[in-house]
There are 2 protein chains.
Amino acid sequence: MQNFNEETNKNRNSRQVLQYVQNSEPTTRTEIARKLSLSKPTVSTIVAELVEEGWIIETGSGESSASGGRKPVNLMFNPKKAYCIGVDIGGTKVAVGITDLRGKLESYRTFPAQEHQDDSLFKMIKHMVDEMQEELSISDSQIFGVGAGVPGVTDMETGIVEEAPALGWKEFPIKEKLQNVFPFPVYVDNDVNIGALGEHWRGLGRNKRNLIFIAVGTGVGSGIILNGQLFRGSHYSAGEIGYMVTDRSLAKSYEPAYAGYGFLESVSGGTSIGTALSGRLGRRVSAEEAFELYRAGNPEALEKLGPALEHLGIAIANYVSILDPELIILGGGLSQSFDVIHPVVSGIVRQYAPKECEIVKTASGKEAGVIGAVALLLKEHEGLYNI
Amino acid sequence: MQNFNEETNKNRNSRQVLQYVQNSEPTTRTEIARKLSLSKPTVSTIVAELVEEGWIIETGSGESSASGGRKPVNLMFNPKKAYCIGVDIGGTKVAVGITDLRGKLESYRTFPAQEHQDDSLFKMIKHMVDEMQEELSISDSQIFGVGAGVPGVTDMETGIVEEAPALGWKEFPIKEKLQNVFPFPVYVDNDVNIGALGEHWRGLGRNKRNLIFIAVGTGVGSGIILNGQLFRGSHYSAGEIGYMVTDRSLAKSYEPAYAGYGFLESVSGGTSIGTALSGRLGRRVSAEEAFELYRAGNPEALEKLGPALEHLGIAIANYVSILDPELIILGGGLSQSFDVIHPVVSGIVRQYAPKECEIVKTASGKEAGVIGAVALLLKEHEGLYNI
DNA sequence: TTCGTTTGTTAACTTAACTTACTAACTTCT
DNA sequence: AGAAGTTAGTAAGTTAAGTTAACAAACGAA
């Protein structure tokens with residue numbers, strides 16, 4: 001029974017049990033046996049092993065049922081069995097954190113990205129992690145692995161960043177670089193995918209099978225979770241909503257906001273909104289300021305921002321038409337102006353898409369990137385433990 | 001070892017072996033053992049069972065390898081172990097066929113849809129199948145099951161057609177109706193999903209992990225295969241490309257071609273193309289005729305058809321931006337004018353989408369619907385056999 | 001205190017892998 | 001032609017990981 005193809009049967013069952021305990025705390029051996037349709041002895045041996053290894057903790061006995069009988073032993077998942085490192089590399093700052101297996105942040109720190117280049121960056125990351133480990137007295141053997149997010153198209157498997165304009169990287173072997181400083185398994189993906197994973201694991205997308213995370217900032221990008229799995233596409237470029245065209249006539253003459261920018265981000269991205277209004281008003285306006293003016297009913301702002309929001313709305317409606325997701329989560333810098341964006345976008349979705357779809361603003365804070373990176377690690381890592 | 005959760009381990013391995021034999025004919029016990037990393041004895045016992053049951057046939061011995069040694073016994077999959085019924089219900093005609101497990105059509109016949117309504121339709125289908133079974137001398141016990149395609153939004157699980165305008169159905173329990181006449185497992189899905197499954201199984205999409213099948217006819221619809229699995233969305237309405245908006249300004253004023261029609265099918269669907277040109281020329285023109293005039297360089301046709309094709313191109317480019325598929329297959333009535341459509345569409349995709357994507361015309365014939373329906377049956381059926 | 005109930009364990013059995021050791025069949029080298 | 005070397009497939013025995021059946025432990029209530 002050693003092998004049914006790379007994965008032993010026992011391991012499967014152990015994983016199922018551990019997963020069940022996680023999702024149904026507190027639980028008992030008998031309950032597990034019933035729910036997973038395994039026999040009681042099987043569950044007992046598996047639980048014994050998991051308790052031995054420290055994945056599961058027996059906590060006092062629970063309540064016996066109405067009709068009497070022996071009280072069950074409560075079983076709880078032990079989220080401190082191991083710790084995870086999450087790294088969120090952004091254009092301006094780098095965030096590093098250590099979480100437990102539940103995604104609870106135990107320690108977190110950031111440093112400016114620009115000060116360091118190439119190898120010095122990774123030494124700095126390692127240094128931060130070492131400090132945090134010391135602080136929390138977590139030994140290397142307790143570390144499960146490293147997950148990292150990068151703002152650019154990334155090949156999960158080779159770990160090479162095809163292109164990350166914000167960092168000036170091209171064909172950059174980030175996984176290798178991280179692996180050089182960390183003696184743990186390393187997983188890398190792009191920042192929007194990480195955002196989607198984070199929302200699915202710990203954010204508003206918990207228990208949703210199909211969701212889209214859209215980050216509207218300088219550019220517009222999105223991560224797609226279908227059937228509970230991140231969908232990356234054939235060339236790791238699924239979710240490039242920034243390239244969506246929402247106006248045939250306009251598309252013929254549009255100018256990319258930056259080289260390599262797509263249509264949508266050129267008409268609805270943060271930079272474009274700012275510059276468009278700046279041109280109209282004759283002074284430099286930031287995107288936030290533009291929204292502020294829009295809220296105040298400034299006519300120029302209404303004139304310039306209105307269409308930008310409509311384009312975004314159409315792009316999202318198109319997403320709904322194609323993928324029929326359960327939930328769309330908006331994140332990124334512009335999600336601060338969700339109060340302005342939401343009515344326009346959801347009106348357009350209702351008007352044009354065949355099905356409705358809830359659209360919400362992300363509830364995660366600054367640490368979302370780090371937690372998403374940890375979600376990536378736990379999803380991809382082929383260990384006993386799995387989200 | 002009875003249960004690791006609904007599915008025994010043995011069954012998994014049997015299925016893997018059978019699948020391997022199918023895809024790698026002819027093969028041998030030793031090769032299977034190597035490729036699936038199972039031991040030789042294990043493979044021998046599994047193969048013995050499969051031969052006993054008739055799934056696998058031993059054909060003469062093969063060639064021994066370069067360095068000598070005993071000649072292996074060649075193993076072949078037996079596609080005649082069972083037969084499948086495929087039903088393709090269209091607005092104008094109904095097609096029924098019987099195929100073997102490879103999807104080879106053994107018998108096929110059609111009849112007009114309108115002549116029959118409600119229960120009479122299903123009696124007719126059953127009658128046709130009975131005739132074909134007799135002709136081929138296939139007993140009920142050899143029938144694997146029934147797959148069926150319907151032109152409308154269909155809930156795979158309950159088997160209820162939400163709405164099929166072409167047939168005048170609403171909340172129609174088609175699975176139940178078919179189950180009433182057939183004593184075999186029945187699976188139903190909508191026609192574009194079936195088209196996608198057919199292309200993936202026997203068409204141009206073989207061995208592709210991610211593909212889109214787009215049917216351009218009266219309306220525009222699509223089926224999505226991601227990671228080798230049909231993606232249906234949260235409300236069974238994924239792939240509704242007909243609702244995609246490709247022009248913000250135009251969308252504000254467009255009139256649906258029919259009630260419930262989306263933007264894209266209203267500007268690029270077959271009916272709209274015909275009527276648009278009819279209006280311009282002052283006489284009734286069919287879509288085919290419109291393409292004919294376009295090929296001949298007729299200025300009115302260029303003026304009306306050009307934008308329609310561009311809208312379709314943008315919709316497909318948006319698809320590529322979002323899903324990054326490996327292949328897009330065009331089908332439906334208008335794919336006859338692929339020579340006209342392809343240059344426009346692929347030019348637009350190259351211009352606006354972040355990655356390239358091959359776009360081809362379906363190579364399947366009239367029987368595609370029946371074969372796709374069989375593909376659905378084999379995908380969904382939880383038997384030993386699986387595509 | 002005793003009885004019914006529920007939890008969890010122990011013991012014996014079953015299944016389906018595995019390993020090791022074989023036979024069978026074939027090629028090639030001498 | 002016969003020996004040596006190679007590869008295919010089988011037989012016998014072992015091991016892992018389940019199963020069922022029976023029982024001990026713990027508890028509530030009559």
Side-chain angles (χ1 to χ4, degrees), chain A residues 1-18 20-21 24 26-52 56-76 384, chain B residues 1-18 20-21 24 26-52 56-76 384:
Chain A
M1 170 109 345
Q2 178 181 313
N3 199 338
F4 103 87
N5 216 355
E6 305 291 304
E7 196 173 30
T8 75
N9 207 335
K10 171 97 185 256
N11 231 309
R12 279 186 93 95
N13 280 337
S14 296
R15 203 184 274 201
Q16 288 225 354
V17 168
L18 186 54
Y20 183 80
V21 172
S24 317
T27 186
T28 71
R29 289 170 173 80
T30 306
E31 189 184 324
I32 297 171
R34 256 199 313 273
K35 290 293 173 60
L36 300 184
S37 43
L38 291 169
S39 69
K40 289 194 288 175
T42 302
V43 172
S44 280
T45 45
I46 290 176
V47 167
E49 273 176 37
L50 292 172
V51 168
E52 169 87 14
I56 289 181
I57 299 175
E58 292 186 338
T59 64
S61 41
E63 286 307 296
S64 51
S65 65
S67 46
R70 173 173 167 178
K71 282 181 184 163
V73 177
N74 277 345
L75 302 174
M76 301 274 276
L384 170 57
Chain B
M1 170 108 344
Q2 179 180 308
N3 200 338
F4 103 88
N5 215 358
E6 304 292 304
E7 197 174 29
T8 73
N9 207 335
K10 172 96 186 253
N11 232 310
R12 279 186 92 94
N13 279 337
S14 296
R15 206 185 270 202
Q16 287 226 353
V17 168
L18 187 55
Y20 184 80
V21 172
S24 317
T27 186
T28 70
R29 290 170 172 81
T30 306
E31 189 184 322
I32 296 170
R34 255 200 313 273
K35 290 292 173 59
L36 300 186
S37 44
L38 292 169
S39 68
K40 289 195 290 177
T42 301
V43 172
S44 281
T45 45
I46 290 175
V47 167
E49 273 175 38
L50 291 172
V51 167
E52 170 87 14
I56 288 181
I57 300 174
E58 291 187 338
T59 63
S61 43
E63 286 308 295
S64 50
S65 66
S67 46
R70 173 172 166 179
K71 283 180 183 165
V73 176
N74 276 345
L75 301 174
M76 303 274 276
L384 171 58

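Note: hydrogens, waters and symmetry copies are ignored here, and every other heavy atom, side chains too, is used. Chain letters run A, B, ... following the sequence lines, proteins first, then strands; residues in each count from 1. Predicted model only: the values in this text are computed from it and were never measured.
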Query - Listed nucleotide nearest any side-chain atom of Lys40(A), set dT9(C), dC18(C), dG9(D) - result: dT9(C)
Requested in this report: Grab the two heavy atoms, one from Val51(B) and one from Glu58(B), that are nearest each other, plus how far apart they are.
Outcome: CG2-CG, 4.3 Å
Report task. Report yes or no: is there a donor-acceptor pair, N or O only, under 3.5 Å between the side chain of Arg70(A) and the base of dT6(C)? Result -> no
Query raised in the report: For dA16(C), does OP1 or OP2 lie under 4.0 Å from any side-chain N or O of Thr45(B)?
Result: no
Report summary line: Note: Thr59(A) and Val73(A) closest approach over all heavy atoms is O-CG1, 4.2 Å
Query raised in the report: Closer than 4.0 Å, any side-chain N/O of Arg12(B) to the OP1 or OP2 of dA16(C)?
Result: no
Query raised in the report: For the pair made of CG in Asn74(B) and P in dC26(C), what is the distance, rounded to whole Å?
Result: 13 Å
Query raised in the report: Taking CD1 from Ile32(B) and P from dG9(D), how many angstroms apart are they, rounded to a whole number?
Result: 9 Å
**Report entry** Nearest-neighbour nucleotide for the Pro72(B) side chain, dT20(D), dA8(D), dT19(C) considered
**Finding:** dA8(D)
Query raised in the report: From the list dG28(D), dG9(D), dC18(C), which nucleotide is the closest neighbour of the side chain of Lys71(A)?
Result: dG28(D)
Query raised in the report: Counting only N and O atoms by type, is there a donor-acceptor contact under 3.5 Å from the side chain of Thr45(A) to the main-chain atoms of Thr42(A)?
Result: yes
Query raised in the report: Between Glu58(B) and Pro41(A), who's closer to the 5' end of DNA chain D by nearest nucleotide?
Result: Glu58(B)
Query - Length of the CZ-C1' vector between Arg29(A) and dT10(C), whole Å - result: 14 Å
Query raised in the report: Are any of the side-chain heavy atoms of Ile46(B) and Ile32(B) separated by less than 4.5 Å?
Result: no
Query raised in the report: According to a strict under-4.0 Å criterion, is Ser44(A) in side-chain N/O contact with OP1 or OP2 of dT9(C)?
Result: yes
Query raised in the report: Under 4.0 Å: is that the gap between some side-chain N or O of Thr42(B) and OP1 or OP2 of dC18(C)?
Result: yes
**Report entry** Thr30(A) side-chain N/O to dG8(C) phosphate OP1/OP2 under 4.0 Å
**Finding:** yes
Report task. Could you please spell out the steps behind the side-chain contact (heavy atoms from CB on, under 4.5 Å) verdict for Asn74(A) and Thr28(A)? Result -> CA-CA 5 Å; Asn74(A) 277 345; Thr28(A) 71; 4.0 Å; yes
Requested in this report: Please check the phosphate of dA16(C) (OP1 and OP2 only) for any side-chain N or O of Asn13(B) closer than 4.0 Å.
Outcome: no
